[in-house]
S.K.: 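Structure provided below as structure tokens; questions to follow.
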Amino acid sequence: MVLDQAPAPAAPSRPRRHAEAWALRGLLAAALLTLVVIILLPLVSLLAQSVLDGQGRFVGAAHFSAYFATGRWSALANSVSLSALSAVICVALAYGYAWALTHTALPAKGLWRGLALLPLLAPSLLAAIGLVYAFGNQGLLKGAMQAIGIESIYGPAGIVAGSVLWTFPHALLILVTTLSTSDARLIEAARCLGADGWRVFRTVTLPASRYGLLISLVVVFVLVLTDFGVPKVVGGQTAMLATDIYKEVVGQQRLDRGAVVALLLLIPALGAFVLEQRLRARQRAVLSLRAVPHQPRPQAAVDLPALLYCALVATALVGVFGIAVYASFAQYWPYQLTPTLSHYQFDMSDGGGWASYGNSLRMAGWTALVGTVLSFLLAWLVDKPRDLRAARGVLNALATLPMAVPGLALGLGYILFFNAPWNPLRGWYGGLGILVLCTVAHYYSVAHLTQLGALRQLDPEYERVAESLGLPFWRHLWRVHLPIAVPTLVQVAGYFFVSALTTVSAVVFLYSPDTTLAAIAVLAMDDAGDTAPAAAMATLLFVTAAAGRGVIGVIGHLLVQRTQRWRAR
């Protein structure tokens, strides 16, 4: 008896393969055009503005010479030196915290980690406002600050302290990841040779984490260098590049000078980005496939100091942010501390009132949607098609470029490009759409790399099987790649949502009276002397970011339960 065999699937016909190839080319061309418009052309416009005069004539370095002739070298020197000092202090504190989380039997590690990561949900402005309430002219701890020789929080001390507070979780995440990969075999071998705990740390743990240390130093340096919120609130008369851009563009309407400062800010940021990429490549090269994760053993002599250290650092972090939150409810700080909701009547203060909060919610929602969809599709185009390698390489380079571009520089580039008379997209200027585009572009690189990493976990054999079955690429994308990427899509959506809510630098030049954002309202209130309403709005942003992440997490959990059942089989 001969059994009937199922016919083999027919290979796709030549016209169909031809149509699919052209569809892929069209998608790739559209992706390249999108990134050119939202990333490359604004930066080109910024560069052009710095070397052209008002009539479009080339003037070379004239604008740079005019800027430095006014004695602005101090802004560059302060920005670099204070960013470097902040990075050293922040990374040193974060390294001890990360070591305690990964190399000791610390109780309630989840709690300590969660407390340290809370600043991720708040704008940097909230840390600066907290410092004002704690150490400002009417601060609760002003006497203690002066006792250690610091006369005023307004200046370099405030910039460093505020920068360390809001960048701490960024350094911690990098260092926890680095220290979690410590090879237990090396630690055990050192102990067997008679090395004590301090010597094991010096000869094994610290050298193995050197690249993570350097990467975190670079990341924090760039974050502080390009931050606008902290120096604006507690910088006082200290000249910084970030605040100089704001003064030149908003205060004096000098776009050429603003472009000069933006490029000065871009150069060290770009250099730090290149250095960070090289360090990451070396870090990957030293990881061993045979490494055994380190499992710390309880040691009271080590665990107790680690617990005290984490409690001290967490108290400082939560305390400064907590003071700002409590002050937003206090009737009149620091004399009348009776709780009140009067500071949450935003329509009575400068900054756009409750409408600015509504604009922020809409902008954050659209940014999460547009950014997540765009980063997924473009990451798929970079990784999955096997043809057009050169074009996909260019697309990947454009997608990673924003990581090296400060938000202030990108925002100024958007003014110059989208407000140009010849630009057919000029009608977008001043609307909510341009705020969404700029925010997506500003935070795009992290989302792109995250999506790319998730897609590269899928075995290329899936693509070969799909081709042999004659499945068109869009069906394979919808039925295979998209369901597998759901957990990553949820993470990216949450990242975009929180970043859009708390961003200041990328959008400070782009809003109109109808599209004022809550983070910008915090700046306006603080400028007007309404510090308590500013703290209230920043607190509202913090709570909204936490709630938004929670809602996105619940939606993601439901989607994962529906699309990832096969993983449990």
Side-chain angles (χ1 to χ4, degrees), residues 110-111 113-126 166 169-170 172-173 176-177 321 325 356-380 399 402-403 407 432-433 435-455 457 477-478 481-504 506-507 517-519 537-565 567-568:
L111 172 64
R113 181 185 174 96
L115 291 176
L117 297 181
L118 278 178
L120 288 175
L121 299 175
S124 61
L125 296 164
L126 189 59
W166 83 269
H170 298 271
L172 181 66
L173 287 173
V176 165
T177 302
F321 284 91
V325 172
S356 63
Y357 176 70
N359 290 336
S360 285
L361 280 181
R362 287 192 294 273
M363 198 266 280
W366 279 109
T367 299
L369 177 61
V370 173
T372 303
V373 173
L374 188 67
S375 60
F376 172 74
L377 291 177
L378 269 59
W380 182 86
M403 192 176 290
L432 193 66
L435 297 175
V436 172
L437 285 182
C438 187
T439 307
V440 168
H442 184 205
Y443 295 103
Y444 186 81
S445 295
V446 172
H448 172 76
L449 295 174
T450 303
Q451 303 270 28
L452 201 59
L455 288 171
Q457 293 177 359
L477 170 65
W478 178 258
H481 294 131
L482 185 60
I484 287 178
V486 164
T488 304
L489 291 172
V490 173
Q491 294 176 13
V492 169
Y495 166 75
F496 272 121
F497 182 83
V498 173
S499 300
L501 271 182
T502 58
T503 187
V504 176
V507 295
L517 301 175
M537 183 67 86
T539 299
L540 186 61
L541 286 176
F542 172 75
V543 173
T544 304
R549 284 299 297 260
V551 171
I552 292 174
V554 170
I555 295 173
H557 176 74
L558 296 176
L559 290 175
V560 167
Q561 291 294 318
R562 185 170 182 176
T563 61
Q564 309 290 307
R565 293 174 182 171
R567 290 182 183 268

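What you see is a predicted model, and the numbers here were worked out from it, not measured in a lab. Each residue takes its place number in the sequence, starting with 1.
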S.K.: For Y357, give me all partners under ring-ring contact (aromatic ring centres under 6.0 Å, His included), at least two apart in sequence or on another chain.
M.R.: W354

S.K.: Could you tell me which residues satisfy side chain to side chain contact (heavy atoms under 4.5 Å, CB included) with V373, sequence neighbours excluded, listed by chain and number?
M.R.: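 Result, side chain to side chain contact (heavy atoms under 4.5 Å, CB included) vs V373: L369, L377.
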
S.K.: Find the distance between CG (L452) and OG (S445) and round it off to the nearest 0.5 Å.
M.R.: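 L452 CG to S445 OG: 11.5 Å, rounded to 0.5 Å.
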
S.K.: Do any N or O atoms from the side chain of T367 and from the backbone of A500 form a donor-acceptor pair under 3.5 angstrom?
M.R.: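 Pair absent, no side-chain N/O of T367 close to backbone of A500.
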
S.K.: Provide the closest heavy-atom pair for P123 versus L541 in the form atom of the first, atom of the second, distance.
M.R.: CG-CD1, 4.2 Å

S.K.: Sequence neighbours excluded, which residues qualify as side chain to side chain donor-acceptor pair (under 3.5 Å) partners of Y444?
M.R.: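 Per chain and number, Y444 pairs via side chain to side chain donor-acceptor pair (under 3.5 Å) with no residue.
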
S.K.: Under the side chain to side chain contact (heavy atoms under 4.5 Å, CB included) rule, collect the residues that match up with L118, sequence neighbours excluded.
M.R.: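 L118 satisfies side chain to side chain contact (heavy atoms under 4.5 Å, CB included) with L115, V318, F542 once adjacent residues are dropped.
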
S.K.: State, yes or no, whether a side-chain contact exists between H170 and L120 at a heavy-atom distance under 4.5 Å.
M.R.: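 A side-chain contact exists here, since the closest heavy-atom pair is under 4.5 Å.
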
S.K.: Mind listing the closest non-hydrogen atom pair of P402 and A441 along with its distance?
M.R.: CB-O, 3.0 Å

S.K.: With sequence neighbours left out, write down each residue that passes side chain to side chain contact (heavy atoms under 4.5 Å, CB included) with A447, or none if nothing qualifies.
M.R.: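 S375, V492, F496.
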
S.K.: Side chains of L126 and M537: does their closest heavy-atom pair fall under 4.5 Å?
M.R.: no

S.K.: Could you grab the distance from atom CZ of R362 to atom CG of L432, nearest 0.5 Å is fine?
M.R.: 6.5 Å

S.K.: What pairs meet the side chain to side chain donor-acceptor pair (under 3.5 Å) rule with one or both residues in residues 487-504, with sequence neighbours excluded?
M.R.: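 For residues 487-504, and leaving out neighbouring residues, the side chain to side chain donor-acceptor pair (under 3.5 Å) pairs sorted by first residue read Y443-T503.
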
S.K.: Tell me every residue that passes side chain to side chain donor-acceptor pair (under 3.5 Å) with H442, counting only those two or more places apart in sequence or in another chain.
M.R.: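 Expected list: none.
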
S.K.: Which heavy atom of A116 sits nearest to which heavy atom of P169, and what is that distance?
M.R.: O-CB, 3.5 Å

S.K.: Would you please name every residue forming a side chain to side chain contact (heavy atoms under 4.5 Å, CB included) with R549, sequence neighbours left out?
M.R.: L121, V498

S.K.: Carefully, step by step, assess V543 and V325 under the rule side-chain contact (heavy atoms from CB on, under 4.5 Å).
M.R.: CA-CA 10 Å; V543 173; V325 172; over 6 Å; no

S.K.: Are any of the side-chain heavy atoms of V490 and I552 separated by less than 4.5 Å?
M.R.: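 In contact.
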
S.K.: Over all heavy atoms of both residues, which pair between F497 and G548 is shortest? Give the atoms and the distance, please.
M.R.: CE2-CA, 3.6 Å

S.K.: Determine whether Q451 and T372 make a side-chain contact, defined as any pair of heavy atoms from C-beta on separated by less than 4.5 Å.
M.R.: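 SC-SC contact between Q451 and T372 confirmed.
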
